[in-house]
Every structure is written in structure tokens, then in C-alpha cells.
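Shown next, in C-alpha cells, is the structure this report addresses.
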Amino acid sequence: MLIAQPRGSGFHVVDSFSKSVQLGAGLEKTGRLSRGSMARTIQALRICQQKLRRNKVQNMRLVATEACRRAHNGAEFMRRIQRETGLKLDIIRPEEEAQLAVISCAPLVSRKTENLLVVDIGGGSTELVWIDISKVPKADRARSIMRLQGGFNQAKSDVPSARVVDWISVPLGVATLRDQFSDVEDDAARFALMSWFFEENLTDFTPYQTIQSQKRFQIVGTSGTVTTVAASHLNLKRYDRTKVDGLSMSSAQIDKVIHSYIAMGPGGRRADPRIGQDRAALIMSGAAILQALMRCWPTDRLSVADRGLREGLLYAQMSADGVLEEGVF
């Protein structure tokens, strides 16, 4: 959760809360949200409710994503949340989830970038959006991506705009991918299988089949997986968003971190302060997705975004309310 106030062309965070609840755990096998995962989520949402009340928040948007889209009891769980916490959540479509991830990353887009891939690795799904901004003047590229909050199919205009070449929501995230290979005991073998299996699910994504020039191409990755790998690369003793958000990492640096995770084993990953108890069970499936993505695209660098759905929701709300100033993000 993020609570923020508009400030210039961005916002100032007043309060925040984050807790891994693994809502999609077991979903692959049963098609339902488990009793334990729903209980963890309700517990986390009660803390959110207290913070919302304490900060006297009036304007809010509360959403649920892939796990609730796919679960047979997803809508029923939304009703339970409202009954037990008073919070009303909307289950949003994959396209809106992808749009929100894209606009949150707009400030990190380089003026030199002509083709952009935004990747959001979630718990139940992974969204990929390929955007062509080669026709947009350099000074307006970040702003043109912000305008995609209105939808990926932009109305024709004389003004050069960001063009979404293709986008895909792969129904595999850190929780759902891990569940697919829970019966494989060897750590390294499970990692390799997860990585190749994820890549197989990209064949319908048009840019996957197109050889792109490495020049002026940028990948922006947003997720707990990406920021955790970045924190490990920087060898941070305590997580520092200012050092992670906007960081550029090479494929070699990412691979080095991933190999260190495999070498640690499950016990070592649980004990590592950068990974932590909550993320230890999910970091290898997330790393498998990340490695597959770096293998597929014509670049050896990844821009790290400590931002995503929550920031996208705030930008969209504030933009709709007309409280953001025009300018450089």
C-alpha cells in the first residue's frame, strides 16, 4: 500500500506498507485461494485499514490481480474482505495491470531509448509491454508513456505518441511458477526448468520473434524479485530504495547474483537479510523469470524500478484529478 500527496509532477509518499502474503500459493493445483493465504491477506489488509484511517485517506483505489482473476473463489474472497475489513477491492483486467506498471516506470525511461520493454513480475502473472517511442521527441518520451494510462490503443493524432507494439500477460508469476515445479528436489535443476518453461510461454509475444537492434533499446524491470537482486548486487546490509530505484545492472551482474542464490541453498536464502523470510520461497522462481527475459532480448542491461502497480495507481488517480503539474518527471 502507498499513501501519497501530489507534489509537482510527482508525489510525496506519506505512509507505506508491504507484506508478502503468497496469495497465489497452491492455486495451480486447486484452482482456489487457500485458507492460509486468504487469512494472511486479511491480516495484512487490517494493517492497511488502520493506516488509511490514521491518515484520513479520502481518495483511494484498491485492486486485486492475477491470483484473484484465476481463482474460482476470487470474487467470493473480495466479498469476504469487504465484510471483514470494510475495504472494497476491484479485480482488475490484465491490460489495466500492464498499463499501471508501464506508467509508473515512465520517469526511468532514458531520452536515448527508442524501443522499451517494461516487465512486471507478479505473484500470479508477469506482464510484458513493448513500446516504440522512436517517433517521439526526446524531451517528451517519458510524458508520452504516462499518456498510456488511457489505454494501449491510442487515438490517432498529429502529435507523435508512444506506440504499444505488443503486450502479453503470462499466467506465471513467482508463486504460480514455483508451484509448477514443487516436486523437483534439486535446487539448480528446478531453477533451470522454471527458466526454460517461462520462456516457452513467450512464443505468442510478437517482439520475441523479431530480431531487434541492441542500440537504443531499454528493459525496465519492476518487481520484488528485481529489487532484491539489485540489493544483493549492491551488497546492501539494509534495503535502500534511493540506491536501487533507477539502477542499471548488466546480465553478468544479474547472473552472478542468481548463482550466489543457488549456492546458498534454501537455508542460506532464508538467512540472507536482502532476501528475508517472506521472499525466500519465491526468489528462485522470480530469478528464473528474470534470467529468461535477459536471455531473450537484444541487450545486456536492465533498468531496475522500485515502483510498479501502486505507483501507477497513484499517478493515474492524480492525473485524472488534475493535481499533477506538467513537467519533467
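The first residue of the sequence shown is numbered 1, and numbering continues consecutively from there.
Rounded to the nearest 0.5 Å, atoms CG (Leu52) and CG (Leu62) are 7.0 Å apart. Rounding to the nearest 0.5 Å places CD of Glu114 at 5.0 Å from CZ of Arg216. Taken to the nearest 0.5 Å, the CG atom of Leu236 stands 11.5 Å off from the CZ atom of Arg238. Here Ser248 contributes atom OG and Gln253 contributes atom CD; the two are 8.0 Å apart, rounded to the nearest 0.5 Å. Note: Arg178 CZ to Leu282 CG = 5.0 Å, rounded to the nearest 0.5 Å. Rounded to the nearest 0.5 Å, atoms OG1 (Thr242) and CG (Leu247) are 11.0 Å apart.
Leu2 and Ser16 get closest at one heavy-atom pair: CD2-CB, 3.5 Å. For the residue pair Ala287 and Ile258, the shortest heavy atom distance occurs at O-CD1, 3.7 Å. In terms of heavy atoms, Val165 sits closest to Asp132 at CG2-CB, 3.8 Å. Considering every non-hydrogen atom in both Leu128 and Val170, the closest pair reads CD1-CG2, 4.0 Å. The two residues Ile121 and Gly286 have their closest heavy-atom pair at CD1-O, 4.2 Å. Here the closest heavy-atom approach between residue Arg40 and residue Ala25 is recorded as NH2-CB, 4.5 Å.
Aromatic rings of Tyr261 and Phe191 (six-membered ring for Trp) have centroids beyond the 6.0 Å cut-off, not under it.
When hydrophobic clusters are built by joining Ile, Leu, Val, Met, Phe, Trp and Tyr residues whose side-chain heavy atoms come closer than 4.5 Å, directly or via intermediates, Met60 is grouped together with Val14. Met1 and Val57 fall within the same hydrophobic cluster, where Ile, Leu, Val, Met, Phe, Trp and Tyr residues are linked whenever their side-chain heavy atoms come under 4.5 Å apart, directly or through other members. Linking Ile, Leu, Val, Met, Phe, Trp and Tyr residues whenever their side-chain heavy atoms come within less than 4.5 Å leaves Ile91 and Leu27 in two separate clusters. Residues Leu172 and Val229 share a single hydrophobic cluster, defined by chaining ILVMFWY side chains whose heavy atoms lie under 4.5 Å apart. In terms of hydrophobic clustering, with Ile, Leu, Val, Met, Phe, Trp and Tyr side chains grouped at heavy-atom distances under 4.5 Å, Leu100 and Leu23 are assigned to different clusters.
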Where do Met38 and Asn73 land on the side-chain contact (heavy atoms from CB on, under 4.5 Å) test, with the steps shown first?
CA-CA 11 Å; Met38 290 191 290; Asn73 57 342; 3.9 Å; yes
Between Met294 and Ile219, is a side-chain contact (heavy atoms from CB on, under 4.5 Å) present by the stated rule, with each step listed?
CA-CA 9 Å; Met294 296 307 293; Ile219 298 181; 4.2 Å; yes
Please determine whether side-chain contact (heavy atoms from CB on, under 4.5 Å) holds for the pair Val226 and Val119, giving the CA-CA distance in whole Å, both sets of side-chain angles, and the decisive distance to 0.1 Å.
CA-CA 10 Å; Val226 174; Val119 180; over 6 Å; no
Give the intermediate values and the outcome of side-chain contact (heavy atoms from CB on, under 4.5 Å) for residues Arg147 and Asp140.
CA-CA 11 Å; Arg147 294 190 194 109; Asp140 196 40; 3.3 Å; yes
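With contacts defined as side-chain heavy-atom distances shorter than 4.5 Å, the pair Gln43/Ile47 does not qualify. At a threshold of 4.5 Å between non-hydrogen side-chain atoms, the residues Ile81 and Met78 count as touching. Side-chain atoms of Leu148 and Gln99, non-hydrogen and from C-beta on, never get closer than 4.5 Å to each other. Contact of the Arg190 side chain with the Met194 side chain is registered, since non-hydrogen atoms from C-beta on lie closer than 4.5 Å. Contact annotation: the side chain of Ser285 never approaches that of Phe181 to less than 4.5 Å [non-hydrogen atoms, C-beta and beyond]. In this structure, the side chains of Pro171 and Arg70 come closer than 4.5 Å at one or more pairs of heavy atoms. At a threshold of 4.5 Å between non-hydrogen side-chain atoms, the residues Leu117 and Phe217 count as touching. Here the side chains of Phe205 and Cys296 are not in contact, with every heavy-atom distance at 4.5 Å or above.
By the 4.0 Å N-to-carboxylate-O rule, Asp90 lies close enough to Lys88 to be salt-bridged with it. For Glu84 and Arg46, the salt-bridge test passes: some basic side-chain N is under 4.0 Å from an acidic carboxylate O.
The closest donor-acceptor contact from the side chain of Ser319 to the backbone of Ala316 lies at 3.5 Å or more, if one exists at all. A donor-acceptor pair under 3.5 Å links the side-chain atoms of Arg69 to the main chain of Ile92, judged by distance alone. A side-chain donor-acceptor contact under 3.5 Å links Thr176 to the backbone of Gly124. No donor-acceptor pair under 3.5 Å is formed between the side chain of Glu96 and the backbone N or O of Arg93. In this structure a side-chain-to-backbone donor-acceptor pair under 3.5 Å is missing from Thr228 to Ile275. Looking at Glu28, its side chain never comes within 3.5 Å of a backbone N or O of Asp179 through a donor-acceptor pair. Between the side chain of Gln291 and the main chain of Ser195, no donor-acceptor pair closer than 3.5 Å is present. Of the possible polar contacts, none joining the Asp245 side chain to the Arg241 backbone as a donor-acceptor pair under 3.5 Å is found. Not one N or O on the side chain of Arg61 forms a donor-acceptor pair closer than 3.5 Å with the backbone of Gln317. Ser104 contributes no side-chain N or O that, together with a main-chain N or O of Gly312, makes up a donor-acceptor pair within less than 3.5 Å.
With respect to Asp272, the side chain to side chain donor-acceptor pair (under 3.5 Å) criterion is satisfied by exactly one of Arg270, Arg274, Arg269: Arg274. Between Ile145 and the options Val136, Val164, Leu116, a side chain to side chain contact (heavy atoms under 4.5 Å, CB included) holds for only Leu116.
Annotation: Arg295, atom CZ; neighbour count of heavy atoms from other residues, nucleotides and ligands within 6.0 Å is above 12.
Counting only N and O atoms by type, the side chains of Ser20 and Arg279 include no donor and acceptor under 3.5 Å apart.
Under the rule for a ring pair (Phe, Tyr, Trp, His ring centres under 6.0 Å), Phe77 has no partner lying at least two apart in sequence or in another chain.
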